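In what follows, every chain begins at residue 1, and chains take the letters A, B, ... in the order their sequences are listed. Small disclaimer: the values here were computed from a predicted structure and weren't measured. Heavy-atom basis, side chains included; hydrogens, waters and symmetry copies ignored.
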Amino acid sequence: MSDIQEQQASIAITLPDGTVRTVPSGSTGFDIALSIGKRLAEDALAVTVNGRPTDLHAPIHSDARIEIVTFDSPLGHDIFWHSASHIMAQAIEELFPGSRFGAGPATEQGFYYDVASEHRFREEDLRLIEQKMLEIGKRDIRLKREEMKRSDAIAYFTSVRNDPYKVEILNDTLKEVETVSLYHQGSFTDLCSGPHLPTTAKLKAVLLTNISSSYWRGDSSRESMQRIYGIAFPSEKLLREHVARLEEAKRRDHRKLGAELDLFMLSPEIGSGLPVWLPKGAIIRSELETFLKEEQRKRGYLPVYTPHIGNIGLYKRSGHYPYYSDSQFPPLTYHDEDGKQEQYLLKPMNCPHHHLIYSSKLRSYRDLPIRLTEFGTVYRHEQSGELNGLVRARGFTQDDSHIYCRPDQLVDEICNAIDLTQFVFLTLGFAEVQTRLSMHDPANREKYGGTEDVWKQAEKDVREAADRMGIDYFIGIGEASFYGPKIDFIVRDALGRKWQLGTVQVDYVMPERFDLSYVGSDGQKHRPVVIHRAPFGSMERFIGVLIEHTAGNFPLWLAPVQAIVLPIAEDVHEYAKTVHAALLAAGIRAEIDMRSEKIGKKIREAEVGKIPCMVIAGQKERDTGEVSLRRHRKGDMGSFSVAALTDMIGKEITERI
RNA sequence: GCUGAUGUAGCUCAGUCGGUAGAGCACUUCCUUGGUAAGGAAGAGGUCAUCGGUUCAAGUCCGAUCAUCAGCUCCA
């Protein structure tokens, strides 16, 4: 085909709205964007060709579905931030020559680059690097993609770039790949599959947020690198909005709100990572426990209590002690008069105790399923750097149950556990819950107990239950626990970090290790299956996330103080007391503010304290036998008789709205 | 555990060059008795995280420890 013929050939481009355009072969995403509108061409960052992200200026030679990618999409963020990480690397290279670069991807919240440098980066350096990045933006450098054979790339990064990290990636991660791509950006070149921004000029605002360390390739035996995090935007305005969101997240931080609202405390005198519930926080926890206990009673669960410690043999038998010895408090060692030694472990989990309850008597197939349940406090010596308020603690309470069932009951029981978890999340107002099916990694068999056949069966059961419940899930390979696959319910905190809350886990391994059995209809012994499940997960973590989710504005049934009576002046104190007494008599957690402060101040403090109901009593109300109600963040709701008020509040509490 | 940062009144934070500690809010008392987000005045409150070092002198400089924060690694 001659050049002339090629230029004359045309291709059909299908746009997202279904319209088809005919353009010359070799047209680029940019040409197409420009033909749609000038504004779109300005905003265009890249293009997807038949769903594949592609550089904006890459020529397109055949019919294709095309979508112009702008910053206003997850893919747009990804491409923008990935390019920003390259621009940061270039800035660092210009400011600190000799720096070498490891991995520099986009993340959900921006980007980072792992840097190996003689220079120890400090906060001040970040401002310098930001300035340099904006300057590189102003230089309007066109990014050029170059494809070369892997062997040529190895030579290039060895001699020209002198970057051993990229060479290692080429020799290792990419060893199966024949042709790799490089992106040139002025004096800087990176190994990268792309796509990238057409020019550095798209970068208009950048904020480098922090410096931390990371291990090269995530391997703690390899050298540690300096990881610099940042976020970037195509406009100043977007950056300002982002900073405002960060500030809002800071206001919602459960550690901050927990202290302000007197919910819990952490004290080095008690111990790192050992939260203590203050009276107001204890109310929330107790209400949640009551709620779940009621629900579980309806669903056939049997409450049990077990001690906080257990003989170490129990955990050796279960496999937890050898598997998790690093993250447990050291054993308590006890010598009796004869010098015989016994060792106990602060229990890191509740299951072994429950298994022994199960096997304490002979079970018939008619008895199953047996659902043992306990709010069991467990202790795990988490790494110090991991501790985080309530969401990562060393002492915490699981709403733990173990369901012992026959294999033919398993899928039904998993479904029941999923249903309960969904009911809990729905009641607490968590709409954005991600569900992960946590499967084992067959390439890593030594991490897991049981046989491959058992795992296949368990994972099939989990998947069948999730499908039957119509859950929208994703698969997490290698996320299973050592004894079985899990269904994990994951939510995000105020800062966008993900936390696993509820979990449903299938276990064929523990029944084996604890030799659990039941007598079947054939009179023979059979092995039950165990489901471990915890809808809240940990009470501490759940409440931590709940604090951030609600910003401390709890629903009425959970609010530590549900109502506060605010007398306007001293001459109505007697009347206010009768109102207070009526609220208490109706079972409402009510306080009364009889200080000699003006009503405006009392209201302000009740608002700041996030008390849902402010019950205002003045001369007017006393004369009519009414009170006026002001709802937190809603304002004046009008006047009600005291009886009508207690009914209204009481109804909202029992219905857990 | 690793890397970096931080630690001053109950809270949020000042504290210069090393020279014996300050504000606002909260708290206590008094005045004020008021109508839907801050009335006024006075007072009290500190082993500057802990331990050690340098110095005539340390909140300030150095070291260790503890705790917290961000990230990494881990998560039954």
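Listed candidates were G35(B), A76(B), C74(B). Nearest to the side chain of K620(A) is G35(B). Picking from U3(B), G34(B), G1(B) the nucleotide with the shortest atom distance to the side chain of Q619(A) gives G34(B). Considering only the side chain of R630(A), U36(B) comes nearest among U3(B), A76(B), U36(B). Side-chain proximity of P348(A) to the nucleotides G71(B), A76(B), G35(B) is greatest for A76(B). Here C72(B) is the nucleotide among C72(B), G35(B), A70(B) with the atom lying nearest to any side-chain atom of R227(A). Ranking G35(B), A76(B), U33(B) by closeness to the E570(A) side chain, first place goes to U33(B). In this structure, the nucleotide among U36(B), A37(B), A76(B) sitting nearest to the side chain of M349(A) is A76(B). Of all nucleotides listed (U3(B), A76(B), A70(B)), A70(B) comes nearest to the side chain of N210(A).
A close approach under 4.0 Å does occur between a side-chain nitrogen or oxygen of K486(A) and OP1 or OP2 of A76(B).
The base of C74(B) sits with one of its N or O atoms less than 3.5 Å from a complementary donor or acceptor on the side chain of R392(A).
In this structure, OG on S99(A) lies 11.5 Å from OH on Y113(A), to the nearest 0.5 angstrom. Separating the CE atom in M133(A) from the CE atom in M88(A) is a distance of 6.5 Å, to the nearest 0.5 Å. One distance of note links CD1 of I309(A) with CG of L345(A); it measures 9.5 Å at 0.5 Å rounding.
Applying the salt bridge (Lys or Arg N to Asp or Glu O under 4.0 Å) criterion to R100(A), with sequence neighbours excluded, gives no partner residue. For the ring-ring contact (aromatic ring centres under 6.0 Å, His included) test, no residue two or more places apart in sequence or in another chain qualifies with Y344(A).
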Nucleotides 39-48 of chain B: which of its N/O atoms have a protein N/O under 3.5 Å away?
none

Below 3.5 Å is the cut-off: list the nitrogen or oxygen pairs between protein and nucleotides 64-68 of chain B, distance only.
residue, atom, partner, partner atom, Å
U68(B), OP1, S272(A), OG, 3.3
U68(B), OP2, S272(A), OG, 3.0

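Ranked by how close their nearest RNA chain B nucleotide is to the 5' end, K256(A) and A569(A) are led by K256(A). When the nearest nucleotides of RNA chain B are assigned to E479(A) and S212(A) by heavy-atom distance, the more 5′-ward of the two goes with S212(A).
Here, A57(B) and C74(B) have their C1' atoms 48 Å apart, quoted to the whole Å. A distance of about 15 Å separates the C1' atoms of A14(B) and G7(B), rounded to the whole Å. Remark: the separation of the C1' atoms in G45(B) and G10(B) is 10 Å, to the nearest Å.
Counting only Watson-Crick or G-U wobble pairs whose defining distances are both under 3.5 Å, the stems of 3 or more consecutive pairs in RNA chain B are B:1-7 with B:66-72, B:10-13 with B:22-25, B:27-31 with B:39-43, B:49-53 with B:61-65.
Across the protein-nucleic acid pair, Y215(A) atom OH and C74(B) atom C1' stand 11 Å apart, rounded to whole Å. With rounding to whole Å, D326(A) atom CG is found 13 Å from A76(B) atom C1'. One interatomic measurement links the two molecules: CD of E605(A) to P of G34(B), which rounds to 20 Å at whole-angstrom precision. In this structure, E382(A) places its CD atom 10 Å from P of C75(B), rounding to the nearest Å.
Judged by centroid separation below 5.5 Å and plane tilt below 30°, Y229(A) does not stack onto the base of A70(B).
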Indicate every side-chain donor-acceptor pair of residues 260-273 of chain A with a distance under 3.5 Å to a residue at least two apart or in another chain.
residue, atom, partner, partner atom, Å
E260(A), OE2, K256(A), NZ, 3.4
S267(A), OG, E269(A), N, 3.0

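When each of T377(A), T306(A), N350(A) is tested with D400(A) by the rule side chain to side chain donor-acceptor pair (under 3.5 Å), just one qualifies, namely N350(A).
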